[in-house]
Amino acid sequence: MEIKKVKRSEDYSLWYNNLVKNADLAEHSAVKGCMVIKPYGYAIWEKMQAELDRRFKETGHQNAYFPLFVPKSLFEAEEKNAEGFAKECAVVTHYRLKTNPDDKGKLMVDPEAKLEEELIVRPTSEAIIWNTYRDWIQSYRDLPILINQWANVVRWEMRTRLFLRTAEFLWQEGHTAHATKEEAIEETIQMLNIYADFAENILAVPVVKGVKTENERFAGADDTYCIEGLMQDGKALQMGTSHFLGQNFAKAFNVKYLTKENKQEYVWATSWGVSTRLMGALIMCHSDDDGLVLPPKLAPIQVVIIPIARKDDEKALVLDKVNELAKQLKEKGISVKVDSRDNLTPGYKYAEWELKGVPVRMAIGPRDLQNETIEIARRDTKEKQIVSLHGVDDTVNKLLLQIQDNLYAQALQYRNSHTWEVNTWDEFLDAIENKTGFVSAHWDGTGETEEKIKELTKATIRCIPMANKEETGTCILTGKPSNKRALFAKAY
RNA sequence: CGGGGUGUAGCGUAGCCCGGUAUCGCGCCACAUUUGGGAUGUGGAGGUCGUAGGUUCGAAUCCUGCCACCCCGACCA
């Protein structure tokens, strides 16, 4: 594999695209804006799914599946939601093709087969799900409903990028129904916390939890909470959202329940989701000029072992040892790959596994057999050490944990050193334009000011961090009073 | 969707201006020698030149439509 190496410092987007392709994560398909997720990339997504799914189930959620298509009349029921997504919907209008009489061998849409009602390919599933929930909910005893679905959705984006923004993407969407506002808000926050925990402990990406401004809020929500990560190039990435939907969908779809007091009340709702965009976060947070760097908890292959030998008799001995070692590691629950391809040199293999982000590489040759040692290299720091073969499984286990922690620590360190608290417009401009990263600043709370700042600097309010305390200040742009700082950044 | 650019073997490319059936490197296959940081030699396979039309005796090359991708905007998870 001859790789045209582009450094992050030279062209970050090109570096990103090359990495996605070269590390075998995904590629463009014949369909505009849609990607093929390749087995190695999909394996990482599956690990993410497993971690999230476990957390969802631990908090009482169940998986279900709702249709890909939403009849237009249902889609438009919740006005704000419909309006928000209208511009990026794929629409099915016909259900049949036929042979083109003017051009045999070609197909055409059969004009006779026009659907009476258009079907919208879901950009999100609130509509179809709330239409269904109406039939599922009669009494307070039917609540809460705690459902998640793993699905694909389509948003007809003008400009796409592998994993970060594709016309079709994979995600999970949770949709819950509750008897009270308090319970729904509690659910919204709970899921936000689950996302944050997942991001930090599994992806090793530190995130800021916060609330979106009205401008950035999910269409149809009363409040949108989010986790925001900071990428290596100083741009922010929204990594997950959790919405408190109030009674908007319940009212739009007439979903009521009978209280203990025998009163009809509208149901309270939440929805929350993360997508394959997290793959982009993973890449842009940890990887380097040599390729992907995977946190051990998500690496499909945690350890690769490379046997080194010249002669046939040496090969046999080394391979025996390698297989024994692999077995030993697997017993500890470590996923191991033995790279015994004999047409490639060790150097080539090192480079290839580095490109693919395998956290730990072990090399063993005749010299090690004699000394009862093995070479261990870690992907994150590139450090190599020769260690004893005795107890090497424990050594590796510890190393994997260390790498996981180190990746988080590095990312946190980067974020902390790229988060700027500013109090004047000039400081703000300097931070956004030159220093890059998160900028914490006072803002007068109006959509107009937010919009103006976006026009002037391309920076948006990523969120109002939940950790921010009330403090008196003045808006960096208008000078009007403000009681809380917002977090600004240029974003993906 | 607007502006700019690109599309030639799995990948990266030359050829296009000035029309004559495609160049080179990597990879791939076979054999041999190799293997502790991207091996070497010899032989070989692989191409509807993005796609559909047009001009021409003849098109990768000229013209038109379409498709996809990249960069910059607007939109967005």
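Within every chain, numbering begins at 1; the chains are lettered A, B, ... in the order of the sequence lines, protein sequences first and strands thereafter. All values reported here derive from a predicted model rather than from experimental measurement. Because only heavy atoms are used, hydrogens play no part in the values below, and waters and symmetry mates are left out as well, while side chains stay in.
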Could you state the CZ-C1' distance from A:R155 to B:rC75, rounded to the nearest angstrom? 13 Å
B:rU35 phosphate, OP1 or OP2, under 4.0 Å from A:T345 side-chain N/O: no
The residue, A:P307 or A:K454, whose nearest nucleotide of RNA chain B is more 5′ is A:P307
Any residue meeting salt bridge (Lys or Arg N to Asp or Glu O under 4.0 Å) with A:R8, in chain and number order, not counting sequence neighbours: A:D289
Summarise how protein sits on nucleotides 42-49 of chain B as a single string, 5' to 3': B when a protein heavy atom is under 4.0 Å from the base, S for sugar-phosphate-only contact, - for no contact. --------
By ring-ring contact (aromatic ring centres under 6.0 Å, His included), which residues pair with A:H286, not counting sequence neighbours? none
If the condition is ring-ring contact (aromatic ring centres under 6.0 Å, His included), which residues does A:F56 pass it with, not counting sequence neighbours? A:W272
Would you mind telling me which residue lines up with the more 5' stretch of RNA chain B, A:T166 or A:A309, judged by nearest nucleotide? A:A309
List, one per line, each side-chain donor-acceptor pair under 3.5 Å for residues 38-46 of chain A, sequence neighbours excluded.
residue : atom : partner : partner atom : Å
A:K38   : NZ   : A:D24   : OD1          : 2.7
A:Y40   : OH   : A:K356  : O            : 2.6

All N/O donor-acceptor pairs, side-chain side in residues 191-204 of chain A, below 3.5 Å, sequence neighbours left out:
residue : atom : partner : partner atom : Å
A:N193  : OD1  : A:K209  : NZ           : 2.7
A:N193  : ND2  : A:I189  : O            : 3.3
A:Y195  : OH   : A:Q172  : OE1          : 2.5
A:Y195  : OH   : A:G273  : N            : 3.0
A:D197  : OD1  : A:N201  : ND2          : 2.6
A:D197  : OD2  : A:R55   : NE           : 2.9
A:D197  : OD2  : A:R55   : NH2          : 3.2
A:E200  : OE2  : A:V207  : N            : 2.9
A:N201  : ND2  : A:D197  : O            : 3.3

Pair A:K382 + A:D288, salt bridge at N-O below 4.0 Å: yes
Tell me if the side-chain of A:K384 makes a donor-acceptor pair with the base of B:rG36, cut-off 3.5 Å, by modelled atom types. no
In a table with atom names and distances, give each donor-acceptor pair under 3.5 Å that connects a side chain of residues 303-325 of chain A to protein atoms at least two apart or in another chain.
residue : atom : partner : partner atom : Å
A:E314  : OE1  : A:R310  : N            : 3.0
A:E314  : OE1  : A:K311  : N            : 3.3
A:N323  : ND2  : A:L319  : O            : 3.3

Determine whether any donor atom in the side chain of A:E352 lies under 3.5 Å from an acceptor atom in the base of B:rG37, or the reverse, and answer yes or no. no
Taking only residues two or more places apart in sequence, or in another chain, which ones meet A:K327 in a side chain to side chain donor-acceptor pair (under 3.5 Å)? none
Starting at the 5' end of RNA chain B, what dot-bracket string do you get if Watson-Crick and G-U pairs under 3.5 Å are bracketed, crossing pairs use [ ], other-strand pairs use | and unpaired bases use dots? ((((((((.[[[..)....(...]]].((((((.....)))))).....[[[[[..)....]]]]])))))))....
Partners of A:F488 by ring-ring contact (aromatic ring centres under 6.0 Å, His included), sequence neighbours excluded? A:F428
The ring-ring contact (aromatic ring centres under 6.0 Å, His included) partners of A:F85 (sequence neighbours excluded) come to A:F218
Please list, for nucleotides 68-73 of chain B, all pairs of protein and nucleotide N/O atoms separated by less than 3.5 Å.
residue : atom : partner : partner atom : Å
B:rC69  : OP1  : A:G33   : N            : 2.7
B:rC69  : O3'  : A:H28   : NE2          : 3.2
B:rC70  : OP1  : A:H28   : NE2          : 3.2
B:rC72  : OP2  : A:R159  : NH2          : 2.4
B:rG73  : OP1  : A:K458  : NZ           : 2.6
B:rG73  : N7   : A:R159  : NH1          : 3.3

Tell me whether the OP1 or OP2 atom of B:rU35 has a side-chain N or O from A:R310 closer than 4.0 Å. yes
Closest approach to the side chain of A:K315, judged atom by atom: which nucleotide of B:rG36, B:rU35, B:rG37 is it? B:rU35
